[in-house]
Amino acid sequence: MSYKQDKTEPFWWGLFSAGGVVAAMLIPVLIYFVGLAEPLGLVGAEVSGYEAMSKLLSHPLVKVVFFVVAVLPLYHAAHRIRFMLHEFGVRKLILPIHYFCYGGAIVGTGLAAYILFYLF
Amino acid sequence: MSQSYETYKPKLSPTWWLKSRNYFLFMMRELSSVFIAAFVILFLYQLFALAEGKEAYAACRDELTTPGFVVFYAVAFVFALYHTITWLGVMGRVQVVRMGAFTVPPKLVTAGAFVGFFFVSAVVGYIFLYVL
Amino acid sequence: MSDKTIGIRVTRFRPEQEDAPTEQVYEVPYQEDWVVLDALNYIKDHIDGTLSYRWSCRMGVCGSCGMMVNGEPKLTCAAFLKDYYPNELVVQPLAHFPIIRDLVVDIDDFMDKLKAVQPWIIREEEKPVAEGEYLQSPAELKEFKQFSQCINCLLCYAACPVYGLEDVFVGPAALALSYRYNLDSRDEGYAQRTVVAASSEGIWECTFIGECSVVCPKDVDPAAAIQRTKVETTTNWFKSFLMPWGNK
């Protein structure tokens with residue numbers, strides 16, 4: 001029995017884990033205010049209106065926070081989707097799955113950086 | 001080692017996770033990440049529209065507040081909360097917190113994580129409701 | 001003895017006469033204080049002497065009587081009939097292992113993995129016996145004691161779908177024992193164990209389904225041991241990446 005030494009696993013797991021923490025802490029409250037509060041009439045003011053969001057994004061720290069909140073959960077999801085596919089018994093396509101999942105997260109990272117740090 | 005006897009090796013079916021409550025809940029926990037990622041992508045789309053200007057943002061908001069998307073956000077919210085509960089719930093078992101010679105009891109670590117969650121949520125809520 | 005009986009549906013596999021396992025139902029007397037193993041012993045002694053299964057201590061220490069009871073991995077010496085009565089009870093060999101005969105499974109694969117993680121104290125250099133024992137404080141013992149309770153009953157492997165799908169996975173018990181020896185203040189074998197524990201077949205296969213810890217009769221919590229090993233390995237990786245001049 002030989003044991004394969006893949007030195008990249010800790011890197012991906014580290015991102016997965018950081019993304020898990022960020023998602024656990026911030027995603028529920030964000031979904032609430034960004035996606036639910038306004039259309040359901042749960043808050044009076046336009047919490048995610050143009051003025052409010054523009055004001056929020058004018059702060060450089062908010063941009064960094066939004067970047068982290070958007071990007072790390074993508075790596076978190078990439079990791080879980082990769083293993084979910086393994087668990088559905090898709091074992092033959094291990095490498096393509098690997099590239100597809102983490103590749104998607106890397107593309108997302110690029111997009112988030114472009115939107116938050118170039119367009120704004 | 002060569003084996004001198006015959007054996008029967010059972011195969012696990014790809015639907016194994018439908019066969020017990022715990023396995024099913026595990027798969028739902030994993031599935032939460034898909035909803036979280038989908039929300040993040042929509043969120044990036046919204047920020048993109050915001051950068052484009054007032055009209056583009058208004059059009060994007062109109063789209064994202066249609067019943068279909070509201071249902072999506074509601075489902076994603078439930079999955080995100082499930083992620084929070086399962087992720088923070090095992091915090092004490094996974095993360096050993098040492099303070100010198102003292103090891104913080106796992107239950108306290110988990111409790112601390114939930115306190116952190118409520119605090120962070122309250123701060124974000126405060127910003128959305130009162131600062132903006 | 002009461003007149004009550006309970007049906008036990010047992011997996012039969014006799015490789016000399018059948019290609020795949022079949023089932024056989026035995027009616028055994030129902031006793032409130034009987035465990036599943038008592039029922040199997042009754043079958044063996046009074047009904048059908050050809051039934052094969054492993055058992056030894058009858059008290060949850062030897063770890064040899066693990067089987068699937070109604071689909072769940074259990075020590076049959078600790079699973080009471082009264083928790084299933086009056087329904088028929090299904091007894092199958094431990095899941096995910098090759099079946100040798102009836103309820104007996106082949107555990108060679110686990111034995112190889114157990115040996116691979118070197119679950120014993122490794123010293124870079126043994127000190128002479130004359131210098132005495134390697135001392136350990138109660139606090140140092142407490143660090144790993146929970147993880148040293150493993151009796152190798154393999155219920156955790158039977159509960160682990162990852163092992164069921166791909167048996168290259170080192171698995172819960174072996175990884176928990178690896179962690180246990182790494183935590184031991186007397187041990188210096190971290191580097192040797194980590195090539196197995198932190199390999200692709202080791203901790204990274206695990207997705208923290210967590211069922212191994214649920215079924216463990218000794219509360220070892222192998223799932224926690226594996227996740228902690230991931231945290232530790234990842235922390236070391238980022239440390240060595242950010243601070244390559246460090247000694248690790």
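A, B, ... follow the sequence lines: proteins, then strands. Residue 1 opens every chain.
With chain B as the partner, the residue from C:V231, C:D19, C:D221 showing the most heavy-atom pairs under 4.5 Å is C:D221. By number of non-hydrogen pairs under 4.5 angstrom with chain B, the leading residue of C:P161, C:S213, C:P15, C:P93 is C:P161. Among C:K230, C:E16, C:E143, the residue with the largest count of heavy-atom pairs under 4.5 Å with chain B is C:E143.
Between B:R29 and C:T207, the shortest heavy-atom contact is NH2-O, 2.8 Å.
Looking only at side-chain heavy atoms (C-beta outward), B:V90 and C:F208 come within less than 4.5 Å of each other.
Among residues two or more places apart in sequence or in another chain, the side-chain contact (heavy atoms from CB on, under 4.5 Å) test is passed with C:E72 by C:K74. Residues that satisfy the side-chain contact (heavy atoms from CB on, under 4.5 Å) test with C:D83, not counting sequence neighbours, are C:F80.
Looking at C:V105, neither its backbone nor its side chain comes within 4.5 Å of chain B, counting heavy atoms on both sides. Heavy atoms of C:A20 lying under 4.5 Å from chain B belong to its backbone as well as its side chain. For B:V94, the parts lying under 4.5 angstrom from a heavy atom of chain C are both the backbone and the side chain.
Rounding to the nearest 0.5 Å places OG1 of B:T7 at 12.5 Å from CZ of C:F97.
Using a 4.0 Å cut-off between a side-chain N of Lys or Arg and a carboxylate O of Asp or Glu, B:E6 and C:R101 do not qualify as a salt bridge. B:K9 and C:D106 are not joined by a salt bridge, as no carboxylate oxygen comes within less than 4.0 angstrom of a charged side-chain nitrogen.
Residues of residues 10-26 of chain B placed with any heavy atom under 4.5 Å of a heavy atom in chain C are listed by number as B:P10, B:L12, B:W16, B:N22, B:Y23, B:F26. Interface residues of residues 46-66 of chain B toward chain C, defined by a heavy-atom distance below 4.5 Å: none.
Although no hydrogens or angles enter the test, the distance criterion places a donor-acceptor pair under 3.5 Å between the side chain of C:R228 and the main chain of B:R93.
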